[in-house]
There are 2 protein chains.
Amino acid sequence: MLTNMPDLSHGADAAAVNALRSAIMRIGRRLKHQRVDESLSPTEMSVLGTLARCGSATPGELARKEHVQPPSMTRIVALLEAKGLVRLEPHPEDRRQKVVSQTETAEAMLEESRRKRNAWLAQLAEGLDADEWEKLRAAAPVLEKLAHLQ
Amino acid sequence: MLTNMPDLSHGADAAAVNALRSAIMRIGRRLKHQRVDESLSPTEMSVLGTLARCGSATPGELARKEHVQPPSMTRIVALLEAKGLVRLEPHPEDRRQKVVSQTETAEAMLEESRRKRNAWLAQLAEGLDADEWEKLRAAAPVLEKLAHLQ
DNA sequence: TCAGGGTAATGAGTTATGCTAACGAACATG
DNA sequence: CATGTTCGTTAGCATAACTCATTACCCTGA
C-alpha cells in the first residue's frame, strides 16, 4: 500500500470516489450488454479492441493485456482468424512468435459496435438536464485521461 | 428507435458521448479485476450487490435483474447458500416462491470489496491535478443518476 | 559449435458457468 | 373442482476459461 489516505492530496473525498466507482461499474455493465454481434464473446471483442488501440501484437502480449492465459489466447486468435477478423503473420525477428493484426472487417465491426453503444448512451443521457449534461461533458476528457493512467 | 439524433436535445455532442463510453468501459473493466475474493464468480458477486441494493428478492426476481435464466439462478443461489453468503426462507404469501437475503458475512465481504475498489480508483486519481479532480467530483452525482436511469 | 536453459505457441483434458427442455408443486380462474 | 399458469428445480448440453504437458525456437556459455 503506497498510500493509505489517497484521497487527501487534491481534495478528493471518499463519497465522490465511491459514487464514481459505483456509477462506472453499473454503466459499464449495461454498456457491455449492447453488443452488435452475438457470435463474438466479450473476450474476443476485447481482443479486437486492444488490437485497434495497439496496432498489432503477438499472442503472448495479447494474453497479458487481456489477463488471460496463453492457451486461451491461442484459441481466441484462431477463432477470430477463422471469422476473418484478424490476420496472422510470422514475426520478423523471432520465428517462435506470430504477429496478430486486425482486418478491415474487424475495423468496420468495431466501428459499428462503438456506434451502437454511443447511441445507447446518448439515449440514456436524454434523461439529464442541460446543467447535468454540461458537467458530464466537462468530465469526459478527465475520465479518458483516468482510463489511460498507469 | 425513438430518436435518431439523440445528441442534439441538450447540446450533447458525439465526441463527448464517445469519450464517456470509451472511458467508462475501460475503467469498468479494470475495476472488475480488483476482486477481493477470487472464489466468487462475477455473477455471484453481482447477485450479492443486487441483494445489498434491493434488500431481499425471490430467485425469479434475481434472475430477471441479472439477465440470467431461472435455472442458472437456482444454482448460483445454492452456491451462495453453501458459502454462507445468503439465506433462503419460505415466501410468506406464495409457497412456490422463496425469499433470498444476504447474511452478515456477505455484507462484510461487499464492504471490503467496495473499499478495495475505491482505494484502487482513488490511487489512480492521484494522477489528476486539482482542476481535473474538481470536474470529476462535479460529474460524480450525474454519473450516478445516469446509472440509475430507465 | 553445440549443449543447456528459457520462452513462445499450442494440444489435451478439466472445470466452471451459462443455456434449453422437461418436470412437480402451488396458485388462480372458469 | 378442473384446468391452465407460474415458480423453482432437475437433467443434459455447449462454451470458454483454466492447468499441465509438448514442440519449436532463441540465446548464452563451455
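Residue numbering restarts at 1 for every chain, and letters A, B, ... go by the order of the sequence lines.
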Tell me whether [X] is salt-bridged to [Y], with the criterion being a basic N under 4.0 Å from an acidic carboxylate O.
| X | Y | value |
| --- | --- | --- |
| A:Glu61 | A:Arg64 | no |
| B:Glu44 | B:Lys83 | yes |
| B:Arg115 | B:Glu112 | yes |
| A:Glu107 | A:Arg87 | no |

- Message: Taking only side-chain N and O atoms of B:Thr74, does any of them lie within less than 4.0 angstrom of OP1 or OP2 on D:dT10?
- Response: no
- Does atom NZ of A:Lys65 have more than 12 heavy-atom neighbours from other groups under 6.0 Å away?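 No, because the 6.0 Å sphere around NZ of A:Lys65 holds 12 heavy atoms or fewer from other groups.
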- Item | Upstream residue (5' side of DNA chain D) when B:Pro71 and B:Arg64 are each assigned their closest nucleotide | B:Arg64
- Message: I want to confirm an ordering. Mapping A:Pro70 and B:Leu88 to their closest nucleotides on DNA chain D, which one lands closer to the 5' end?
- Response: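 On the 5' side of the pair lies B:Leu88.
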- For chain B, the stretch of DNA chain C it reaches, first to last nucleotide, under 4.0 Å of its heavy atoms: C:dT17 to C:dC27
- Query: Tell me, which of residues 91-101 of chain A have any heavy atom that sits under 4.0 Å from an atom in DNA chain D?
  - Reply: A:Asp94, A:Arg95, A:Arg96
- Linked, directly or transitively: B:Leu124 and B:Leu136 (ILVMFWY side chains, under 4.5 Å):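 They do share one cluster, since a chain of ILVMFWY contacts under 4.5 Å joins B:Leu124 to B:Leu136.
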- Task: Would you classify B:Pro59 as touching base, sugar-phosphate or nothing, given that sugar-phosphate means primed atoms plus P, OP1 and OP2, and contacts are heavy atoms under 4.0 Å?
- Result: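 B:Pro59: backbone/sugar contact only, no base atoms under 4.0 Å.
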